[in-house]
Every structure is written in C-alpha cells, then in structure tokens.
Visitor: 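Once you've had a glance at the structure underneath, I'll fire off some questions.
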Amino acid sequence: MSGHLLRLHTQPALSIDLHTLHPERLRGLSATEVSHLPLRHGRDAATVGDFCHVSTATDMPDTLTLDGDFSRFHRIGQGLTDGRIVVTGSVGDLAGAGMRGGQLVIEGHARDLTGCEMASGRLEVHGNVRDHAAGAQVGSLDGMRGGTFIVRGHAGARLADRMRRGTLVVCGDTGDHLASRMVAGTVLVGGRTGAHPAWGMRRGSLVFAGPAPDLGPTFAPNPADVRVAWQLLARHLAPLAAGLVLQAVDLPRSAPARRTGDLSVSGIGDVFVLG
C-alpha cells in the first residue's frame with residue numbers, strides 16, 4: 001500500500017483543521033481523489049488540492065508526508081490510530097491530540113496543546129512545543145494518558161498538566177508549572193525548568209537530568225533506598241534518551257537525590273534530581 005505526499009504550494013489566509021487526514025483514511029485513494037477531499041477555510045468550502053500538490057509515495061507505505069510550513073494547519077494527527085505522519089516543517093495547535101496509536105513526527109516546531117490527552121502511539125517533535133503540551137483540554141480532568149512523547153527542543157508552560165500515564169522526554173528547558181497536578185506517568189527533563197514545578201503532584205515520576213529545580217517546602221527528602229526502583233526507571237528511559245542530547249547522561253549509573261510530594265495535596269510522587 002503506497003503512502004501520500006502533500007507538498008504545500010499556497011498558505012491559507014485562515015487556519016485550517018486537518019484532523020481528517022490520516023494514513024488509514026487515505027488507504028486505497030489515488031492522488032487525484034486525495035486532492036479533492038474537502039476542507040473548511042473559514043466559511044468557505046475548499047479542497048486539499050487548493051493548498052497542496054498531492055502525489056503517491058510507493059516507497060513509504062502507510063505514510064502521510066506533509067512537506068512545508070503547516071503552522072496554519074491545526075489538529076494534524078489528532079486521534080491517529082495507525083500509520084505514520086511526517087511533517088517536514090512546523091504545525092499548528094493540537095497536533096497529535098488524543099492519539100491512540102501510530103507515529104507522528106514533526107521536524108519543525110509545534111504550537112499549543114501538542115499531544116494533549118494522547119493515549120498511545122509515538123509523538124516526536126524535533127523543535128519546540130508551546131504551552132499545555134501533553135496536558136488536558138479545557139473541561140477535561142486527564143492530560144496525557146499513554147504512549148511516548150519526545151521533544152528535542154524546549155517546551156512551554158503547563159507541560160504534562162494532569163498527566164495520568166505514558167512517558168514524556170524533553171531535551172531542553174520547560175516553562176512554569178511543569179507536571180502540575182500530575183497523577184501518574186514519567187517525565188524526563190534535560191534542561192532548566194520554570195517556576196512551581198510539580199505543583200499539586202499526586203503520583204508519578206519526574207526526573208531532572210539538568211539543573212536542580214526549586215521544588216519548595218512541600219517536597220521532602222526521601223531517605224529510602226532507591227537503587228532498585230531507580231534502575232527499573234532508568235532502564236526504561238535510557239533507550240528513549242539514546243540518540244538525543246540526553247544520551248550523554250548515563251542514567252543507569254546515576255545516583256539521584258529523591259524527593260517526595262506534593263505534600264500539600266498528600267501527594268506521593270517521586271522527583272529524582274541527577275544534577
């Protein structure tokens with residue numbers, strides 16, 4: 001089964017929702033049929049061909065490639081269940097939101113709510129992500145619920161807010177309120193973090209491979225022997241860090257300091273500081 005290549009030729013004047021373009025939905029369609037698929041451009045009806053040149057890619061089966069700057073296109077890969085989407089440029093809001101499988105690779109930057117409420121699959125951003133990545137949408141009680149999310153650059157505020165499951169790796173810096181109200185899951189940060197990290201954290205694991213954060217008085221030192229638990233966690237994270245900036249950190253050989261909290265909400269989350 002061949003894949004499809006969409007090469008952007010015209011930037012839209014308004015934002016466009018692309019959540020309907022998934023590899024599994026395009027299977028068996030010709031390039032002409034894909035170019036005629038409907039889109040909404042404000043109040044007007046449009047088609048994929050109004051903005052993109054469409055061709056088939058026999059050497060990349062079950063893959064949708066978006067070539068160009070798609071920062072005005074939102075919800076790319078939302079609800080993805082199977083197949084692979086590769087974006088050679090940047091994307092708009094809600095990329096990879098609610099993913100249930102498959103793989104989404106963004107070679108540029110991503111805007112707000114990237115990977116929010118994703119439940120499975122693999123999401124990788126080579127650039128930066130903005131606010132509320134891996135978090136919850138308005139009115140929802142749960143953020144990221146599973147899968148693997150890797151950010152090679154920096155992340156904005158409220159990263160992993162209300163995170164419940166899954167693994168998140170950020171090579172660079174993060175903004176304020178990292179992992180706020182975290183319920184479960186694992187987050188690894190390679191750079192600096194902003195104010196109030198792990199605010200309201202209940203459970204889960206937060207690992208700082210860079211400078212030590214200011215956790216405040218509601219995170220207490222935990223004197224328990226952590227060697228066995230750390231080895232299990234480090235061996236899970238080490239393959240994800242391989243090939244990234246974090247590969248210089250020998251996670252299994254590290255001896256992290258451990259703190260527990262957020263005690264203000266009776267939390268028992270673990271924070272490991274390697275620096």
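Along the sequence shown, the residues carry numbers beginning at 1.
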Visitor: Count the heavy atoms of every other residue, nucleotide or ligand shown that sit under 6.0 Å from CZ of R165, and state whether that count exceeds 12.
Guide: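 Result for CZ/R165: open.
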Visitor: Say you draw a straight line from OG of S180 to CG of L159; how long is it, rounded to the nearest 0.5 Å?
Guide: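 The distance works out to 9.0 Å.
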Visitor: Please list all pairs passing the ring-ring contact (aromatic ring centres under 6.0 Å, His included) test where one or both residues lie in residues 28-64, with sequence neighbours left out.
Guide: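 Checked against ring-ring contact (aromatic ring centres under 6.0 Å, His included) - neighbours excluded - the pairs reaching residues 28-64 are H9-H53, H41-F51.
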Visitor: Among all residues two or more places apart in sequence or in another chain, which pass the side chain to side chain contact (heavy atoms under 4.5 Å, CB included) test with T47?
Guide: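 For T47 the side chain to side chain contact (heavy atoms under 4.5 Å, CB included) partners, ignoring immediate neighbours, are D50.
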Visitor: Tell me which pairs pass side-chain hydrogen bond (donor to acceptor under 3.5 Å, both in side chains) where either residue lies in residues 220-232, with sequence neighbours left out.
Guide: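 Passing the test, one end in residues 220-232: N222-T260, D225-R227.
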Visitor: Evaluate side chain to side chain contact (heavy atoms under 4.5 Å, CB included) for L8 paired with L66, printing each intermediate quantity in order.
Guide: CA-CA 7 Å; L8 188 67; L66 304 177; over 6 Å; no
Visitor: Ignoring hydrogens and geometry beyond distance, is a side-chain donor-acceptor pair present between S90 and D69 at under 3.5 Å?
Guide: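 Note: S90 and D69 side chains miss the donor-acceptor criterion.
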Visitor: Does one side chain, of H236 or T186, offer a donor that lies under 3.5 Å from an acceptor on the other?
Guide: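 Side-chain D/A pair, H236 to T186: absent.
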Visitor: Can you find a heavy atom in the side chain of V170 that is under 4.5 Å from one in the side chain of L178?
Guide: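 No, too far: nothing below the 4.5 Å cut-off.
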Visitor: Consider side chain to side chain contact (heavy atoms under 4.5 Å, CB included). Of V271, L237, V169, D270, which one does V207 pass it with?
Guide: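 The option that passes is L237.
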Visitor: Return all side-chain donor-acceptor pairs below 3.5 angstrom for residues 118-130, not counting sequence neighbours, or 'none' if the list is empty.
Guide:
{"from": "E124", "atom 1": "OE2", "to": "R152", "atom 2": "NE", "distance (Å)": "2.8"}
{"from": "E124", "atom 1": "OE2", "to": "R152", "atom 2": "NH2", "distance (Å)": "2.7"}
{"from": "N128", "atom 1": "OD1", "to": "H154", "atom 2": "N", "distance (Å)": "2.7"}
{"from": "R130", "atom 1": "NE", "to": "D112", "atom 2": "OD1", "distance (Å)": "3.4"}

Visitor: Measure the spacing between CG of L37 and OG1 of T32 and express it to the nearest 0.5 Å.
Guide: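 If we round to the nearest 0.5 Å, L37:CG and T32:OG1 are 11.0 Å apart.
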Visitor: Mind checking salt bridge (charged side-chain N to carboxylate O under 4.0 Å, His left out) for R259 and listing every partner two or more places apart, or none if nothing turns up?
Guide: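 Once residues adjacent in sequence are excluded, R259 has no partner under the salt bridge (charged side-chain N to carboxylate O under 4.0 Å, His left out) criterion.
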Visitor: Listing request: all side-chain hydrogen bond (donor to acceptor under 3.5 Å, both in side chains) pairs with a residue in residues 203-218, at least two apart in sequence or in separate chains.
Guide: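 As it turns out, the side-chain hydrogen bond (donor to acceptor under 3.5 Å, both in side chains) pairs with a partner in residues 203-218, which skip direct neighbours, are T218-D262.
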Visitor: Among all residues two or more places apart in sequence or in another chain, which pass the side chain to side chain contact (heavy atoms under 4.5 Å, CB included) test with E117?
Guide: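 Applying side chain to side chain contact (heavy atoms under 4.5 Å, CB included) to E117 gives A136, Q137, S140, R145.
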Visitor: Under 4.5 Å between side-chain heavy atoms, counting indirect links through other Ile/Leu/Val/Met/Phe/Trp/Tyr residues: same cluster for F219 and L274 or not?
Guide: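 As far as the 4.5 Å side-chain criterion goes, L274 and F219 are not connected within one cluster.
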Visitor: Would you give me the side-chain donor-acceptor pairs under 3.5 Å for residues 192-202, sequence neighbours excluded?
Guide:
{"from": "T193", "atom 1": "OG1", "to": "T174", "atom 2": "OG1", "distance (Å)": "2.7"}
{"from": "R202", "atom 1": "NH1", "to": "V265", "atom 2": "O", "distance (Å)": "3.3"}

Visitor: How far does OG1 of T63 sit from CG of L26, to the nearest 0.5 angstrom?
Guide: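 So the gap between those two atoms works out to 11.5 Å.
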Visitor: Quick one: do D131 and R158 satisfy salt bridge (charged side-chain N to carboxylate O under 4.0 Å, His left out)? Show the steps, please.
Guide: CA-CA 6 Å; D131 299 341; R158 294 282 183 181; over 6 Å; no
Visitor: Applying a strict under-4.5 Å side-chain criterion to I, L, V, M, F, W and Y, I'd like to know whether L168 and F208 cluster together.
Guide: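 L168 and F208: one cluster.
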Visitor: Would a single hydrophobic cluster contain both L5 and V105, if residues Ile, Leu, Val, Met, Phe, Trp and Tyr are joined by side-chain heavy-atom contacts under 4.5 Å?
Guide: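 Unlinked, V105 and L5 end up in two clusters.
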Visitor: Rounded to the nearest 0.5 Å, what's the gap from CZ on R40 to CG on L18? Could you check?
Guide: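 Between atom CZ of R40 and atom CG of L18 there are 14.0 Å.
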Visitor: With a 4.5 Å heavy-atom cut-off, do V187 and M182 have their side chains touching?
Guide: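 They are in side-chain contact.
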Visitor: Is there side-chain contact between T88 and E107, with heavy atoms separated by less than 4.5 Å?
Guide: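 Sidechains of E107 and T88: in contact.
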Visitor: Tell me if the CZ atom of R25 is crowded by more than 12 foreign heavy atoms within 6.0 Å.
Guide: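 Result for CZ/R25: enclosed.
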Visitor: List the residues meeting salt bridge (charged side-chain N to carboxylate O under 4.0 Å, His left out) with R253, not counting sequence neighbours, and say none if there are none.
Guide: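 R253 satisfies salt bridge (charged side-chain N to carboxylate O under 4.0 Å, His left out) with D250 once adjacent residues are dropped.
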Visitor: If a pair satisfies ring-ring contact (aromatic ring centres under 6.0 Å, His included) and one of its residues is in residues 65-109, list it, with sequence neighbours excluded.
Guide: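 Sorted result for residues 65-109: F70-F73.
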Visitor: Nearest 0.5 angstrom please: D67 CG to C52 SG, how far?
Guide: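 Going from the CG atom of D67 to the SG atom of C52 covers 9.5 Å.
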Visitor: Suppose we screen for side chain to side chain contact (heavy atoms under 4.5 Å, CB included). Which residues come up paired with R72, at least two apart in sequence or across chains?
Guide: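 R72: side chain to side chain contact (heavy atoms under 4.5 Å, CB included) contacts with Q11, P12.
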Visitor: Do D62 and R27 have side-chain heavy atoms sitting under 4.5 Å apart?
Guide: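 Yes; the side chains approach each other to less than 4.5 Å.
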Visitor: Can you list the steps and then say if E24 with L80 is a side chain to side chain contact (heavy atoms under 4.5 Å, CB included)?
Guide: CA-CA 9 Å; E24 65 268 28; L80 183 67; 3.8 Å; yes
Visitor: Other than L94, what residues sit in its cluster of Ile, Leu, Val, Met, Phe, Trp and Tyr side chains whose heavy atoms are under 4.5 Å apart, directly or through others?
Guide: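 Cluster partners of L94: L113.
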Visitor: Are any of the side-chain heavy atoms of V48 and L6 separated by less than 4.5 Å?
Guide: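 Side-chain contact under 4.5 Å: yes.
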Visitor: State, with a plain yes or no, whether a side-chain heavy atom of P23 is found less than 4.5 Å away from one of D82.
Guide: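 Counting from C-beta outward, P23 and D82 never come under 4.5 Å.
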